[in-house]
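Below is one structure, written out as structure tokens; comments come after it.
Note that ligands are numbered from 1 as they come in the structure, with each ligand's atoms numbered from 1 the same way. What's counted below: heavy atoms across the whole structure, side chains too, no hydrogens, waters or symmetry copies.
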Amino acid sequence: MKLIFALLVILPLAFPSEGSEISVTNGGRWGDWGEMVMCPHSYRALGFNLKVERSQRKGDDTALNGIGLLCQHTEHHNLNYTISSSEGGWGSWTTYQDCGSAYLVSFALRVEVFQGKGDDTAANNIQFSCSNGRVLSGDGMSWGGWGSWSGWCSKGICGIMTRVERPQGKGDDTALNDVKFRCC
Ligand SMILES: *[C@@H]1O[C@H](CO)[C@@H](O)[C@H](O)[C@H]1NC(C)=O
């Protein structure tokens, strides 16, 4: 009886169902959440790209500024559509990476912890795991460390929502801080 109860509690957490969200616990603390932006109906995410500001040397670094999802039609694989939620104003978009004939199911975030009087950048990079077990590592920056993996979307990822800090004027900018994905 206890085992059945434990499974009823644990399974939904391990395998979020349709419409649930996957997140990580090491996201940055600054900024506001943007809109949850979804792939079109019958599409799911098979790839991604990043908006990254490269090192500013003595200037104010922001590192990761945006995350784009490449959505593909589940039957007509020649049809694709790109989406993103809030993004920062710095950096440029990298080229897309994708899972080939598989799709995105889980992610981990590389985040720099609070630097005190130093230059904060918050989120730096992301990696995704594909439904075929392959891991795609983003072409972001390397400050901070990787956190643990999010939950798992068994039917894939269909939506994205990012937390981005607005420009701080003469203050320390961090741009993208955290991200969540909606399961298909
Ligand atoms: C989207 O689909 C078109 C047509 O199949 C293809 O040429 C293009 O490379 C795809 N875009 C990406 C980013 O994969």
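C99-C130 SG separation is under 2.5 Å; the pair is scored as a disulfide.
Cluster note: L70 groups with L46, Y96 through ILVMFWY side-chain heavy atoms spaced under 4.5 Å, whether in direct contact or through intervening members.
Side-chain contact, T121 with E112: a donor N or O sits under 3.5 Å from an acceptor N or O.
In this structure, OG on S20 lies 13.5 Å from CH2 on W152, to the nearest 0.5 angstrom.
The salt bridge (Lys or Arg N to Asp or Glu O under 4.0 Å) contacts involving residues 83-110 comprise K51-E87, where partners must be two or more places apart or lie in separate chains.
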Between the protein and ligand 1, are there any N or O atom pairs that come within less than 3.5 Å of each other, and if so, what are their names and distances?
from, atom 1, to, atom 2, distance (Å)
ligand 1, 2 (O), N80, ND2, 2.3
ligand 1, 5 (O), N78, O, 3.1
ligand 1, 11 (N), N80, ND2, 3.0

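In this structure D120 satisfies the side-chain hydrogen bond (donor to acceptor under 3.5 Å, both in side chains) test with no other residue, sequence neighbours excluded.
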